[in-house]
Amino acid sequence: MTQHRHGRRGPARQVVRKRAVMAAAFAGTVALGTGVGLWASADGGGAPPGSGTRQSASGRVTGTGTGTGSTAPGTPSAAPSPSRSYPLSRAPRTIPAVRSHIPARGPGWRPRPGARVLVADPALADEGRLVAGELGLAYAGQRNDARAGDVRLALGGGGGNQESYTLTVRNGRVDISGPGEAGVFYGTRTLKQEVRGGGTAPEGVVRDQPAKQLRGFMLDIARKPFSASWIEDRIRELGDLKFNELGLHFSDDQAFRIESDSHPEIVSPDHLTKAQVKRIVALADSRHITVVPEIDSPGHLGAVLAAHPDLRLRKANGVVTRGAIDISKDASARLVDDLLNEYAGLFTGGRWHLGGDEYQALMARDPQASYPQLAAAAKRKYGPGGTVADLTTGWLNDRAATVRAHGRTVRAWNDGFFRGTSVQPDPSLQVAYWTGKEIGARPPAEYLSAGRRLLNYNDEFLYYVLGQPQTFVYPTGQRIYEQWTPRVVRGRTAVPARYDGQILGGSFAVWCDFPHAQTQAQVAAGIRMPLRATVQKLWNPDRPALSWAEFRKLADRLG
């Protein structure tokens with residue numbers, strides 16, 4: 001990459017006091033963000049929206065009302081029995097912060113000897129075993145005899161968002177439910193943080209769901225090899241923070257980092273074996289994280305082309321263009337498709353990154369004159385008006401078709417999309433927007449107004465580039481936390497709110513332009529707070545309730 005996308009008494013008052021306590025015990029919804037009213041109450045988890053009191057993020061209770069929903073035996077309730085022995089609970093402090101908490105009076109819950117984790121559905125066995133081990137509880141499997149001290153996981157309720165969940169602490173036990181396994185898993189992450197941060201999960205009901213469906217971390221392992229164990233540690237960290245995507249950029253000019261059966265000649269000596277990648281993918285799956293591979297083309301293929309010099313792109317004067325493949329040759333498409341087809345069997349998630357950025361032919365002042373073979377191929381394929389940009393767009397569409405045949409959703413970098421071409425990028429291609437510094441830069445709204453869906457990789461906030469080349473500086477968690485939202489796609493300006501639904505989410509990215517600038521341990525330490533700030537804003541883009549100093553202190557307490 002030329003820029004390289006590369007961080008509380010008289011007798012007469014006692015009755016009044018008692019009534020006040022009773023009313024407070026039946027208090028309604030605590031809203032920490034925009035989540036109030038987003039969940040139906042059919043599962044018995046709380047009062048209908050608008051029926052209860054609200055608690056600010058500081059824990060101050062305001063308003064009036066009662067919640068009186070009826071529930072089946074054993075079903076979580078938002079209206080626990082009043083008690084004068086306990087104050088009204090405060091909302092849990094977690095990262096990301098929960099969207100809604102219904103306070104209640106009670107002792108809360110903490111792990112104790114003899115307590116168990118039970119599941120109501122065998123599909124939740126993995127989640128049950130994991131949280132049991134983390135909290136030092138016994139895993140009891142599928143049972144319906146939950147008792148005080150137990151944690152019970154169940155599928156159901158909560159509407160259509162598969163990542164939503166309800167966590168209820170009542171009668172000395174915990175119930176976590178959600179419409180999908182991912183949501184139940186996130187409920188266990190909240191419980192784990194509650195216990196880790198304060199020792200006790202507070203009485204009451206948490207109702208939670210993310211604002212953005214894609215919450216990612218991307219890692220450049222092509223320029224700098226990262227060990228399988230380091231990647232696995234990041235997966236565990238990402239899972240606890242409710243990220244759901246790990247991008248692996250494993251092919252570039254410097255190296256090709258994963259074992260290949262179809263083209264072993266292109267693999268760099270320091271690489272991950274397929275067995276290691278399978279373990280990485282399996283661990284990610286267990287944390288509801290999709291691993292998204294990227295084989296960038298038609299640029300950034302230097303390591304592949306080192307073994308296939310005949311496919312290197314050359315200028316009219318015969319000079320080789322670094323990292324670029326000659327897309328006028330049929331053999332070029334066959335080579336890249338071989339790799340795409342091979343790795344589709346290794347990376348089993350539903351998403352794929354095609355790259356598509358910084359093809360050097362299109363960064364020339366006159367691509368047609370500098371690369372006559374590409375110009376000729378464009379005219380043969382698209383007629384007399386065909387251009388090198390048309391040919392490049394056609395290449396990207398063809399590679400997208402190869403990957404879509406495996407049932408994948410496909411994305412490409414924004415500078416792989418070109419205006420003014422007769423060939424249009426496939427409508428299903430999602431825009432991975434990282435910069436506005438490329439030649440012919442197009443603002444995010446240009447893609448959004450055309451109906452495209454977009455992922456935010458804003459290089460001014462979300463790019464951690466080793467060595468800080470050019471204008472890059474290591475991003476700080478504070479800057480992300482205080483200034484960035486998913487709508488801030490380019491620079492520091494947010495796109496209009498009408499486009500919010502087209503912004504699927506975002507990704508923090510580590511690029512290793514100067515691979516020796518930091519060790520693996522230094523990278524892990526450097527991205528720790530930026531990752532936490534990023535996921536907070538993807539889970540809830542509203543202004544956080546905690547100050548940055550409070551957020552950082554919380555992160556230190558949670559570990």
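Values in this document were obtained by computation on a predicted structure and should not be read as measured data.
A donor-acceptor pair under 3.5 Å links the side-chain atoms of R99 to the main chain of Q209, judged by distance alone. The backbone N or O of V423 lies less than 3.5 Å from a partner atom in the side chain of T421, making a donor-acceptor pair. With hydrogens and angles disregarded, a donor-acceptor distance shorter than 3.5 Å links the side chain of D390 to the backbone of S422. The backbone N or O of A375 lies less than 3.5 Å from no partner atom in the side chain of Q368, so there is not a single donor-acceptor pair. Using a distance-only test at 3.5 Å, with no hydrogens or angles considered, no donor-acceptor pair links the side chain of E342 to the main chain of L339. N414 contributes no side-chain N or O that, together with a main-chain N or O of P444, makes up a donor-acceptor pair within less than 3.5 Å.
Between R528 and D556 there is a salt bridge, since a side-chain N of the basic residue sits under 4.0 Å from a carboxylate O of the acidic one. For D261 and K274, the salt-bridge test passes: some basic side-chain N is under 4.0 Å from an acidic carboxylate O. Ion pairing between E446 and R419 holds under the 4.0 Å rule for side-chain N and carboxylate O. Between R487 and D500 there is no salt bridge, since none of the side-chain N atoms of the basic residue sits less than 4.0 Å from a carboxylate O of the acidic one. Electrostatic pairing of D240 and R287 does not count as a salt bridge here, judged by no charged N lying under 4.0 Å from a carboxylate O. Between R312 and D326 no salt bridge is recorded (no basic side-chain N to carboxylate O distance below 4.0 Å). Using a 4.0 Å cut-off between a side-chain N of Lys or Arg and a carboxylate O of Asp or Glu, R351 and E245 qualify as a salt bridge.
Between I480 and T534 the shortest side-chain heavy-atom distance falls below 4.5 Å. Using a 4.5 Å heavy-atom cutoff, the side chains of N244 and T290 are not in contact. With contacts defined as side-chain heavy-atom distances shorter than 4.5 Å, the pair H308/L311 qualifies. Side-chain contact between P544 and K537 is present, with at least one heavy-atom pair separated by less than 4.5 Å. For the pair R411 and Y457, the minimum side-chain heavy-atom distance is below 4.5 Å. E127 places a side-chain heavy atom less than 4.5 Å from the side chain of E181.
Judged by the 6.0 Å and 45° rule, R479 forms a cation-pi pair with F461.
Residues in residues 229-238 take part in these salt bridge (Lys or Arg N to Asp or Glu O under 4.0 Å) pairs, two or more places apart or across chains: D233-R236, R234-E237, E237-R532.
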